[in-house]
Amino acid sequence: MPKKKPLSAGRAPLFLFLCQMISALDVPLDPKLLDDLVQPPTITQQSPKDYIIDPRENIVIQCEAKGKPPPSFSWTRNGTHFDIDKDPLVTMKPGSGTLVINIMSEGKAETYEGVYQCTARNERGAAVSNNIVVRPSRSPLWTKERLEPIILRSGQSLVLPCRPPIGLPPAIIFWMDNSFQRLPQSERVSQGLNGDLYFSNVLPEDTREDYICYARFNHTQTIQQKQPISLKVISVDELNDTIAANLSDTEFYGAKSSKERPPTFLTPEGNESHKEELRGNVLSLECIAEGLPTPVIYWIKEDGTLPVNRTFYRNFKKTLQIIHVSEADSGNYQCIAKNALGAVHHTISVTVKAAPYWIVAPHNLVLSPGENGTLICRANGNPKPRISWLTNGVPVEIALDDPSRKIDGDTIMFSNVQESSSAVYQCNASNKYGYLLANAFVNVLAEPPRILTSANTLYQVIANRPALLDCAFFGSPMPTIEWFKGTKGSALHEDIYVLHDNGTLEIPVAQKDSTGTYTCVARNKLGMAKNEVHLEIKDPTRFIKQPEYAVVQRGSKVSFECKVKHDHTLIPTILWLKDNGELPNDERFSVDKDHLVVSDVKDEDGGTYTCAANTTLDSVSASAVLRVVAPTPTPAPIYDVPNPPFDLELTNQLDKSVQLTWTPGDDNNSPITKFIIEYEDAMHEAGLWRHQAEVSGTQTTAQLKLSPYVNYSFRVMAENSIGRSVPSEASEQYLTKAAEPDQNPTAVEGLGTEPDNLVITWKPLNGFQSNGPGLQYKVSWRQKDGDDEWTSVVVANVSKYIVSGTPTFVPYLIKVQALNDVGFAPEPAAVMGHSGEDLPMVAPGNVRVSVVNSTLAEAHWDPVPPKSVRGHLQGYRIYYWKAQSSSKRNRRHIEKKILTFQGSKTHGMLPGLQPYSHYVLNVRVVNGKGEGPASADRGFHTPEGVPSAPSSLKIVNPTLDSLTLEWDPPSHPNGILTEYILKYQPINSTHELGPLVDLKIPANKTRWTLKNLNFSTRYKFYFYAQTSVGSGSQITEEAITTVDEAGILPPDVGAGKVRAVSPRIGNVTAAAAETYANISWEYEGPEHVKFYVEYGVAGSKEEWRKEIVNGSRSFFGLKGLMPGTAYKVRVGAEGDSGFVSSEDVFETGPAMASRQVDIATQGWFIGLMCAVALLILILLIVCFIRRNKGGKYPVKEKEDAHADPEIQPMKEDDGTFGEYSDAEDHKPLKKGSRTPSDRTVKKEDSDDSLVDYGEGVNGQFNEDGSFIGQYSGKKEKEPAEGNESSEAPSPVNAMNSFV
């Protein structure tokens, strides 16, 4: 539910009254209910418990109360009725209980000292005030005394007594001279807490005749002074030479030796003392020592450490103060006085007591007849306070009995209340140190619903802003509220609207269609009431043209423009401001409809000009800075960042705010545009400065909002158009009071690590967010689907709590609430977590397999019951492996493959299977803990597929007209071989291919002899195996028949041996990466055929996606594929004779965390290639020069030594072949075989797959699917390719082309 926005101040009291949950002081009656709604009395204002009055003024004892009917008032004095009618000096204000005692004309204040208590009463009960102790303030004079002059030797100690008269309240003591100047104090001379002035040792400069103690009585604004004290300090030399001869021993005060001596305490006396203080006060401990040299004071706590951030040292460390003292601060504190000659210790035993303080104060109850309710009054203190109850000011023990009331200590329970149960109850919590008194009424009302909002109220709201429609209501029992839109609309719900507890309907973002009539309906068991209000949505006001920054020369003219667009029903007013104030009253400033014009600009005109457009519903403003410069640029002023501000001062120090004042530094010829204020929290983050606020450059004060329990220091920086100044010096520190936390921990989670636990974690609050000492967390939990109560535990400032003994994987509701020594944070929202997971118990059932094709199958299974998962279902995992092949047993170790399907899927594809094989699989369910048991193994067979290429092909025993071929069967037959297909064709001296001959060979053959061939002729052979499914990949080889020694001419190549071959696309292969794949194929048939590639997700019923191949290439790159997905692919030809290859299936690679970097885009690689290109260019230039001079060079020598460098045998080092040349010279073929000496061509040496070129799936591709490293050798021609060549030019040809 969206967060409810706070109500306006005017509606808050009614809202609080209706909620029935607020103390009496916050519940004023609504005027609309005054006529017929009764309410018991409530004390709204009273004088303080300890009321000290000024005897020179009339005595006013306050007592104000509200209620219906209006209450009457009476007073007691010293426990007996105070009859004000009998005393002519005492009057009571009309309509009030406040007493006014007229002592200005006659009478004495002392006559009216005493304990007063006010009672406010009506027919519903009586409320009483606190006991108000009235005492007049006293500021007595000092008694007359004759003070003898004091004469001391230098180095002696001294205590000048003050002993002020006892006044009420106690006086404030300070020492000054006759000129009313405070006497300087130091570690040697200081004033004690009792007002005396202590000298650890005296010096001659202490001599003076006007040591005067003053007592200031703030209540009467009077100051009394003691008689001046004269002190003369003489050195020992002076004493011996002059004064000593004239003084007797009795005349010399305290004639002690002035030699150096160890410390002794002047106050307190002895080795031990005791101090008692009340909770919440400031504990002040004092130790003042004498000695020579002057002692230094240190403080320690014997049984612990001094509380951080609450401990302060005053009076040169002679006074230790601990603020907000609590019971934990009790203990022994030791002060140590030390100088060079020794040290002395004193122990102060501190006991902290506590006057009563509220834990839960009673709140008013508004009930309807027959309802139940509770008054709770809980307080604490030291000693534990006693709780007593009164009803209508009378102790409940002697009050009239009420059958609906039951008292149990600090709680009163009401059941089945009736109208006669209405009363005012007082709770008194007291101990020897004080008392607390609280009034709380029980008001029993039976009222049908009433709606207090005026009927047909019209609300107008700007579009895209919140709209709040009021429905103030009252009723007892509490009515329920519903809202409707239109005359026949249904009730509005909180999916779009926010329904507040006080009846207000909130539309978070009002749109044009929100316009209309809304009806509020209030119902309880006594009746129903309704009210209609109307809502209109208006267009917002916005700028079309706003002022812009301007720099003008002195004496010129400047114009600022301001145009706005607004709702046609609203009339805007345009107001121009300068520096947030009115425009100067100067005729040089002129304003028309859309412009502000300043003529004859002067230096003082510089500043910020603001255009403010206001309607009755909204306002917008825009500002621009005018900078005035001198008309001539010389002499050029020096512009710089401002100097830092100084003289930082803190005033108006409140709990949650403070006013900071500073003096700006020099702006260095560029006006200061703003001040940036930062703060340091010396308590939690010392040394770290954070942003606090920004103010205009014209301000020198800022009201800063503060957080509780932070030790603030502030600094200010100034900024102009040049930049920002260095920070100012830090201000004085200001420690704010502690408060309860205003937020709770975030990131609350509940996850189990074991099957029987729940680990609750959260992000703890930092020190700044704690708002006070003693930060802890209240951790609460209960099962979501049960009726259990919340279980709670309070833990220290940690971030984790482990609940043990929980059932396995059960949802829990979890709350983590912050608290400190002051109180609790707001109630947190509950989040859901789960106890620990355990391994699943049940295996998936009904496992089924449907074979899609020879390399792809689809598995199906039934889901397991949710309860058996015992954790978060992560998916299902399939283990599958090849058990055996139809043709032979797999002798290798069984390798199991694993596929995981996320979520609750109950089927999945198994790609990459081997055709004509037997597979076994099982399925397991997976949760966060691991895998469950496996299902029963399920076997399936894959159908036959096309075979791989024969393992090897070699040509032996060449003769004049025959060649013998020997081969090894395919390593992967993928089925039962039906036959072998052999195709061959001659190659003439110009590399042209002759007619293609097609021959079928039985599958059981591994040797075949071709006869009736042409002598001395090169033949190219294409050889592949077939199953019932189709043809496999081919292997190629070339061989030459022997030469006819008798010189017989070769017959015509094509004479009677050619058979027509149908076009065919075969050997479709895919090299797949993560999101793309390269598809290649082999083609037999006519030239100039346009190909296309079709693909789709394997096993799906979606239509084939088609991509057209550019040109007649035999490869194509597919991009934009999904990682880890099986795809089907086929290749086809466009045109009337269109035909399509068989399908192939491939799987893209899994998604990788990062991609391999393309080396071709790396800077170092590009630089290296440029350097190589430059060297080759230099070499070519040198060769060109040498050739023009007629000399030979190594390349030319190589041409001379080898007439045709392109016809070379296989290189021994890298296994590559020499190639046919189709360069410009068209040299004839050299005699000799292109095969190795053993005439064996292995499959891996002859495969034309792009996978081999690109090094498998991990090869690198360009964006168009081609390889980065181009294959330098010539690709084997397919049967119908003719004499086209993909040969890369050799260095020699490149040189010839250059020359």
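Atom set for the values below is all heavy atoms of this structure, side chains included, hydrogens, waters and symmetry mates excluded.
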Is there side-chain contact between [X] and [Y], with heavy atoms separated by less than 4.5 Å?
X       : Y       : answer
Pro745  : Lys763  : no
Val1129 : Val1093 : yes
Thr761  : Val748  : no
Val1097 : Arg1105 : yes
Thr808  : Asp756  : no
Tyr497  : Trp483  : no
Asn846  : Arg848  : yes
Leu1118 : Glu1107 : yes

* Decide if the gap between the ring center of Tyr876 and the ring center of Trp861 is smaller than 6.0 angstrom. => yes
* To do: Would you please indicate yes or no on a ring centroid separation below 6.0 angstrom for Tyr801 and Trp781?
  => yes
* Structure fact -> Residues pairing under salt bridge (Lys or Arg N to Asp or Glu O under 4.0 Å) where one sits in residues 793-803, two or more places apart or in two chains, turn out to be none
If you compare all heavy atoms of [X] against all heavy atoms of [Y], which two are closest, and at what distance to 0.1 Å?
X       : Y       : value
Tyr919  : Gln914  : OH-N, 2.8 Å
Thr1148 : Gly1124 : OG1-N, 3.0 Å
Val925  : Pro840  : CG1-CB, 3.3 Å
Met478  : Asn524  : O-CB, 4.4 Å
Pro911  : Ala1126 : CB-CB, 3.6 Å
Ile878  : Ala859  : CD1-CB, 3.9 Å

Counting only pairs under 3.5 Å, give me each side-chain donor-acceptor contact of residues 896-905, with atom names and distances, residues two or more places apart or in other chains.
{"unit_1": "Thr900", "atom_1": "OG1", "unit_2": "Arg877", "atom_2": "NE", "d": "2.9"}

Got a donor-acceptor contact below 3.5 angstrom from the [X] side chain to the [Y] backbone?
X       : Y       : answer
Ser1080 : Phe1115 : no
Trp762  : Val779  : no
Thr942  : Tyr916  : yes
Ser770  : Phe768  : no
Thr806  : Ser804  : no
Asn974  : Val946  : yes
Glu1147 : Gly912  : no
Arg924  : Gly932  : no
Ser935  : Val923  : yes

For a quick test of your reading: what N or O donor-acceptor pairs under 3.5 Å do the side chains of residues 826-838 make, sequence neighbours left out?
{"unit_1": "Glu827", "atom_1": "OE2", "unit_2": "Lys815", "atom_2": "NZ", "d": "2.7"}
{"unit_1": "Ser835", "atom_1": "OG", "unit_2": "Pro807", "atom_2": "O", "d": "2.6"}
{"unit_1": "Ser835", "atom_1": "OG", "unit_2": "Phe809", "atom_2": "N", "d": "3.0"}
{"unit_1": "Ser835", "atom_1": "OG", "unit_2": "Val810", "atom_2": "N", "d": "2.8"}
{"unit_1": "Glu837", "atom_1": "OE1", "unit_2": "His872", "atom_2": "N", "d": "2.9"}
{"unit_1": "Glu837", "atom_1": "OE1", "unit_2": "Gly928", "atom_2": "N", "d": "2.9"}

* Asked: Does the distance from a Lys or Arg side-chain N to an Asp or Glu carboxylate O, for Asp513 and Lys485, drop under 4.0 Å?
  -> no
* To do: Apply side chain to side chain contact (heavy atoms under 4.5 Å, CB included) to the pair Phe1146 and Ile1079, showing each step before the final yes or no.
  => CA-CA 10 Å; Phe1146 66 91; Ile1079 311 301; 4.1 Å; yes
When rounded to the nearest 0.5 angstrom, what distance separates [atom1] in [X] from [atom2] in [Y]?
X      : Y      : atom1 : atom2 : answer
Tyr518 : Cys471 : OH    : SG    : 14.5 Å
Leu492 : Thr519 : CG    : OG1   : 9.5 Å
Ile496 : Ser514 : CD1   : OG    : 9.0 Å
Thr480 : Leu499 : OG1   : CG    : 11.5 Å

* **Pairs satisfying side chain to side chain donor-acceptor pair (under 3.5 Å), at least one member in residues 785-796, at least two apart** => Ser780-Ser792
* So which pairs with a foot in residues 743-752 pass side chain to side chain donor-acceptor pair (under 3.5 Å), sequence neighbours left out? -> none
Applying side-chain contact (heavy atoms from CB on, under 4.5 Å), can you list everything that pairs with [X], at least two apart in sequence or on another chain?
X       : value
Val822  : Ala738, Glu740, Asn820
Ala936  : none
Thr1027 : Glu944, Pro947, Leu977, Val1029
Glu482  : Phe484, Ala491, Arg523

* To do: Kindly determine whether Ile802 and Leu758 satisfy side chain to side chain contact (heavy atoms under 4.5 Å, CB included), including the steps that lead there.
  => CA-CA 6 Å; Ile802 300 177; Leu758 172 66; over 6 Å; no
* Set of ring-ring contact (aromatic ring centres under 6.0 Å, His included) partners for Tyr880, sequence neighbours left out -> none
* Asked: Looking at residues at least two apart in the chain, or sitting in another chain, which of them share a ring-ring contact (aromatic ring centres under 6.0 Å, His included) with Tyr1095?
  -> none
* Determine, stepwise, if the pair Ser948 / Ser1033 fulfils side chain to side chain contact (heavy atoms under 4.5 Å, CB included). => CA-CA 5 Å; Ser948 62; Ser1033 303; 5.9 Å; no
* Cation-pi geometry met for Arg782 and Tyr812 (6.0 Å, 45°) -> no
* **Heavy atoms of other groups near Asp408 CG, more than 12 under 6.0 Å** => no
Less than 3.5 Å apart, any donor N or O on the side chain of [X] or [Y] sitting next to an acceptor on the other?
X      : Y      : value
His918 : His941 : yes
Asn757 : Thr753 : yes
Asn464 : Gln511 : yes

* To do: With sequence neighbours left out, write down each residue that passes side chain to side chain donor-acceptor pair (under 3.5 Å) with Glu1094, or none if nothing qualifies.
  => Arg1130
* Asked: Which is it for Tyr1127 and Leu1121 under the side chain to side chain contact (heavy atoms under 4.5 Å, CB included) test, yes or no, and what are the steps along the way?
  -> CA-CA 9 Å; Tyr1127 284 86; Leu1121 305 179; 3.9 Å; yes
